[in-house]
Amino acid sequence: DAKTTQPTSMDCAEGRAANLPCNHSTISGNEYVYWYRQIHSQGPQYIIHGLKNNETNEMASLIITEDRKSSTLILPHATLRDTAVYYCIVRVDGATNKLIFGTGTLLAVQP
Amino acid sequence: GAGVSQSPSNKVTEKGKDVELRCDPISGHTALYWYRQSLGQGLEFLIYFQGNSAPDKSGLPSDRFSAERTGGSVSTLTIQRTQQEDSAVYLCASSLRPLSSGNTIYFGEGSWLTVV
């Protein structure tokens, strides 16, 4: 199973871009990178996912390195409501199709 | 509804009692997942249903835990003879198709279970 490594916590100033890194050096060619976040006491919220190319949606941008061994989630203008635990997940290949969540990064947006 | 719906949102039960937790996935979603999250911990995969295929039960922690999905839609997670260590939030999620197609899963808000 491809595993991910994320910093335990990060701070970001309100209004600035938050750049959350993730290492997934054992990723295989057909495994997607997913990002979710979990705000306290809520269910996880889907943010974005990608395979090879960079992706952007209304919430964030996902930058995947050319060798696919790492990625960065970018929140362009962080707000206090973006304070949450952010999970980087590489989909487990095979028949089970399940997502395995690690411990994530606690992003604290400071006023 | 537009999202994954779970009930009850909160449940307090006595040790030794059985509990049932219900999940209504997003309409048309063929895949359904159950996870649990103990206080301050990460998400723990429990079970996965995909269409009419045999479910992946590899995450169920003991034989006190079971789940079924009737008619390919609603799912019920049952915990028999509850123990205090079963206290957690139980999260249900669904996806339109299997993740191998590059789909994503959407979570409900969870059922908070407290065993006293």
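Everything quoted here is computed from the prediction, not taken from an experiment. A note on names: the letters A, B, ... follow the listed sequences, proteins ahead of strands, and every chain is numbered from 1.
Residues B:Y35 and A:F101 place their aromatic rings such that the two centres sit under 6.0 Å apart.
More than 12 heavy-atom neighbours from other residues, nucleotides or ligands sit within 6.0 angstrom of CG on A:L80. For A:D67, the CG atom counts as densely surrounded, since its 6.0 Å shell holds more than 12 non-hydrogen atoms of other residues, nucleotides or ligands. Counted within 6.0 Å of CZ on B:R64, heavy atoms from surrounding residues, nucleotides or ligands total more than 12; the atom is thus considered enclosed. At most 12 heavy atoms of other shown residues, nucleotides or ligands fall within 6.0 angstrom of atom CD in B:E14.
Checking A:Y36 against B:T104 by side-chain atom types alone, a donor-acceptor pair falls below 3.5 Å.
Only the side chain of B:Q37 comes within contact range of chain A, with at least one heavy atom under 4.5 Å from a heavy atom of that chain. Within the 4.5 angstrom heavy-atom criterion, no atom of A:Q45 approaches chain B. Both the backbone and the side chain of B:I105 come within contact range of chain A, each with at least one heavy atom under 4.5 Å from a heavy atom of that chain.
Put simply, the side chain of A:Y87 reaches to within 4.5 Å of the side chain of B:L43, judged on heavy atoms.
Hydrophobic clustering of Ile, Leu, Val, Met, Phe, Trp and Tyr side chains at less than 4.5 Å, counting indirect connections, keeps B:F45 apart from B:W34. No path of Ile, Leu, Val, Met, Phe, Trp and Tyr side chains, each step under 4.5 Å between heavy atoms, connects B:L46 with B:Y48, placing them in separate hydrophobic clusters. Note: the hydrophobic cluster containing B:I26 does not contain B:L96 (ILVMFWY, side chain heavy atoms under 4.5 Å, direct or indirect links). A:Y46 and A:L99 fall within a single hydrophobic cluster, where Ile, Leu, Val, Met, Phe, Trp and Tyr side chains are chained together by heavy-atom contacts under 4.5 Å. Under the 4.5 Å side-chain heavy-atom criterion for grouping Ile, Leu, Val, Met, Phe, Trp and Tyr, B:Y90 is connected to B:L60 within one hydrophobic cluster.
One distance of note links CZ of B:F107 with CD of A:Q38; it measures 8.5 Å at 0.5 Å rounding.
Per-residue counts of heavy-atom pairs under 4.5 Å with chain B were compared for A:G104, A:P44, A:G43; the largest is that of A:P44.
Of all residues in residues 109-116 of chain B, those placing a non-hydrogen atom less than 4.5 angstrom from a non-hydrogen atom of chain A are B:E109, B:W112.
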